[in-house]
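Only one structure is covered here, and it is reproduced in the block below.
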Amino acid sequence: MMRTHTRHVLMCVGPRCTEDGIRAQAMFELMGEKIDARPELRVKRSRTHCMVACRNQGPILVVYPEGVWYRCVDEKALERIVVEHLAGGREVGELIFHRLGEGDTCPSENEDA
């Protein structure tokens, strides 16, 4: 059975974003623990394979319905996304590199982010 959710989080687990996707998979599991620790959150999470957007600066995490694309490069970033965005409703601006419907990204922009 799928629990009721108001947001869907997709996270890339590699294999390109982190070496063989090992750290990305660990981050995905940690995200599940952080979401489950907050039963008031109505968040579904799904793992994906390469989203072809990170240039090895991943994993990438996308929050819908907002369509916000984050670089989630470490546990601190993951914690901020869960606490500030998923629980608090405030996007973490400095971790965002793309928004659904707001222009293209190009490799040169992603390399500096």
Considering the options Ile60, Val9, Leu61, Val92, which one meets the side chain to side chain contact (heavy atoms under 4.5 Å, CB included) requirement together with Cys72? Leu61
Among all residues two or more places apart in sequence or in another chain, which pass the side chain to side chain donor-acceptor pair (under 3.5 Å) test with Thr4? none
Here's a test for you: under side chain to side chain donor-acceptor pair (under 3.5 Å), which of His85, Glu75, Glu94 qualifies with Arg80? Glu94
State plainly whether the residues Arg99 and Glu66 are in salt-bridge range, i.e. N to O under 4.0 Å. no
Any side-chain heavy-atom pair from Met11 and Met27 closer than 4.5 angstrom? yes
Shortest non-hydrogen contact from Pro39 to Arg42? O-NH1, 3.3 Å
One should read off an interatomic distance between Ile81 CD1 and Glu91 CD, to the nearest 0.5 angstrom, of 11.0 Å
Is there a donor-acceptor pair closer than 3.5 Å between any side-chain N or O of Arg90 and the backbone N or O of Ala87? no
How long is the gap from CE on Met31 to CD on Glu33, to the nearest 0.5 Å? 11.0 Å
Is it true that Val63 and Phe97 fall in one hydrophobic cluster, defined by side-chain heavy atoms closer than 4.5 Å? no
Heavy-atom check, side chain of Cys12 versus side chain of His49, under 4.5 Å: no
Taking atom CH2 of Trp69 and atom CG of Leu100, what is their separation to the nearest 0.5 Å? 9.0 Å
Side-chain contact test, heavy atoms from C-beta onward, threshold under 4.5 Å: evaluate it for Gln25 versus Arg47 and give yes or no. yes
Gap between atom CG of Leu41 and atom NZ of Lys34 - 0.5 Å precision: 12.0 Å
With the side chain counted from C-beta on, respond yes when Val43 and Arg38 share a heavy-atom pair under 4.5 Å apart, and no when they do not. no
When you measure from the side chain of Arg23 to the backbone N and O of Val73, does any donor-acceptor pair fall under 3.5 Å? yes
Indicate the atoms forming the closest heavy-atom contact of Met51 with Leu10, along with that distance. CE-O, 3.9 Å
Determine whether the aromatic ring centres of residues Tyr70 and His98 are separated by less than 6.0 angstrom. no
Would the distance check show the side chain of Arg45 and the main-chain N or O of Phe28 forming a donor-acceptor pair, the cut-off being under 3.5 Å? yes
